[in-house]
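One-based numbering along the sequence shown.
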Amino acid sequence: MQINQISANADGFKSASEVLRKGELVAFPTETVYGLGGDARNDLAVARIFAAKGRPRFNPLIVHVNSISAVQKLVEWPEQADILAQAFWPGPLTLVLPLKPGSGLSPLVTADLPTLAVRVPAHPVAQSLLAAFDGPVAAPSANPSGRISPTTAAHVMAGLSGRISAVLDGGPCEVGVESTILGLADAPTLLRPGGLPVEALEAALHGPVARHSSDDPLTAPGQMASHYAPDARVRLNAAETRKDEVLLGFGPVEADLNLSPAGDLTEAAANLFHHLHALDAMDAAGIAVSPIPEHGLGRAINDRLRRAAAPRP
Ligand code: AMP
Ligand code: MG
């Protein structure tokens, strides 16, 4: 199956939504990374997402819709969800909330959990596709499971060629790391750091957000130790390169590629996966990475880099 590359215009949104309606898969840009979309109500479409990615079935998917009212049809809606949705949607925030009975979603989406992860993405192409389709779209990142996430249509084509029907090309993703996932089924809990800094959530909620403990059962695939892995081995907090390594820099260092010479974490997040893909293509044995500060978007960047560096299964 050749991937059909669809332009982001009215005709393209219509044909992409028809692909979804048939139960087939379309990759599309969001502000975080490219998502691999399928009709969240269609068991076959959702099964195809897991198959195309080679993703374990126990890893639930995020459902994307284009309005708060569409979200409220799927999940219970506590006051804290409303505060955060008003403040940060559309945007790079996923909320995990109790699933409503009669939501109509395929049970494969939630991996049979009683909760659902939902998001309203801000990217205009994602918004237009969701409006044209007018239904919930399950969409994990559009890459083979465990590998580097895609931030361009070319990354999607390279990773999933032959396995999906179409990709909507919307240019490079602006945020560049996945959404922040916040659990709200109990006390607010950070399940995955991401494109919205946890500090912003705490400010909006006027209180602390608990951190997920590694003793808790796995609720997000991004929590698996090895993830986002390039072919090259990854070494963190590197002051300089060793033999057969290329350097992924941050700040004022001589590097093969630099996430942000000025030390700007927003710029670094936007460049992270793109630079990892590019360095991996250089075929070095290893990728050394400069130290990156652990605050704001730096938490999401370091989280992805630690998993890229973790021992492989
Ligand atoms: P991906 O888009 O590939 O980054 O994966 C989607 C993320 O949403 C994963 O980290 C999922 O585990 C997470 N997720 C989806 N549903 C739930 C849920 N019910 N509870 C917790 N995390 C979830
Ligand atoms: Mg992913």
Side-chain angles (χ1 to χ4, degrees), residues 30 32 35 40 46 50 55-65 67-121 136-141 177-225 227 294-300 302-304 306-307:
T30 77
T32 59
V46 178
F50 285 96
R55 178 180 177 114
R57 293 276 185 122
F58 58 81
N59 278 330
L61 305 175
I62 296 173
V63 165
H64 297 67
V65 291
S67 68
I68 293 177
S69 58
V71 171
Q72 289 168 333
K73 291 184 185 141
L74 303 174
V75 289
E76 309 293 343
W77 195 244
E79 193 192 346
Q80 285 172 322
D82 206 55
I83 291 168
L84 295 174
Q86 298 296 344
F88 301 115
W89 276 352
L93 172 66
T94 295
L95 298 178
V96 174
L97 290 158
L99 184 62
K100 260 191 185 167
S103 69
L105 297 180
S106 165
L108 287 174
V109 167
T110 56
D112 265 336
L113 292 172
T115 52
L116 175 71
V118 275
R119 173 158 101 90
V120 178
V137 172
S141 52
V177 290
E178 292 82 351
S179 60
T180 298
I181 303 182
L182 185 74
L184 282 181
D186 301 301
T189 303
L190 183 69
L191 300 177
R192 174 176 77 183
L196 183 68
V198 67
E199 292 89 337
L201 296 175
E202 292 181 322
L205 291 172
H206 301 293
V209 164
R211 306 303 196 258
H212 181 270
S213 146
S214 55
D215 296 337
D216 296 343
L218 180 105
T219 45
Q223 290 162 215
M224 290 191 288
H227 210 80
E294 182 74 14
H295 60 77
L297 283 177
R299 288 183 208 277
N302 283 321
D303 171 80
R304 305 308 184 267
R306 278 192 292 272
R307 291 169 209 281

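Under a 3.5 Å cut-off, the side chain of Thr32 and the backbone N or O of Glu178 do not form any donor-acceptor pair. In terms of modelled atom types and a separation under 3.5 Å, the side chain of Lys100 and the main chain of Gln72 share a donor-acceptor contact.
Taking both residues in full, the closest heavy atoms of Pro121 and Pro90 are given as O-CB, 3.4 Å, listed atom of the first, atom of the second, then distance. Closest heavy-atom contact between Leu97 and Leu184: CD2-CB, 3.6 Å. The minimum heavy-atom distance linking Val96 with Ala117 is given by the pair CG2-CB, 3.9 Å. What you find for Leu297 and Pro197 is that their closest heavy atoms are N-CG, 4.3 Å. Taking every heavy atom of both residues into account, Pro136 and Val63 meet most closely at CB-CG1, 3.7 Å. Here the closest non-hydrogen pair linking Arg211 and Thr189 is C-CG2, 4.2 Å.
In summary, Asp303 and Arg307 engage in a salt bridge, as defined by a charged side-chain N under 4.0 Å from a carboxylate O.
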Show the numbers, then the answer: is there a side chain to side chain donor-acceptor pair (under 3.5 Å) between Arg192 and Thr94?
CA-CA 9 Å; Arg192 174 176 77 183; Thr94 295; 5.2 Å; no

Using side chain to side chain contact (heavy atoms under 4.5 Å, CB included), reason through Ile62 and Ser179 one step at a time and then give a plain yes or no.
CA-CA 10 Å; Ile62 296 173; Ser179 60; 3.9 Å; yes

List the steps, then state whether side chain to side chain contact (heavy atoms under 4.5 Å, CB included) holds for Val118 with Val65.
CA-CA 8 Å; Val118 275; Val65 291; 5.6 Å; no

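Between Thr180 and Leu190, the closest side-chain pair of non-hydrogen atoms falls below 4.5 Å.
Leu74 CG to Leu105 CG: the interatomic distance, rounded to the nearest 0.5 Å, is 5.0 Å. If you take CG on Leu95 and OG1 on Thr115, they are separated by 12.0 Å, rounding to the nearest 0.5 Å. Interatomic distance, OG1 of Thr30 versus NE2 of His64, reported as 6.0 Å (0.5 Å rounding). Note that CZ of Phe50 is 4.0 Å distant from CG of Leu61, once rounded to the nearest 0.5 Å.
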Hey, can you pull the donor-acceptor pairs under 3.5 Å for the side chains in residues 75-89, sequence neighbours left out?
residue, atom, partner, partner atom, Å
Trp77, NE1, Asp82, OD1, 2.8
Trp89, NE1, Leu93, O, 2.8

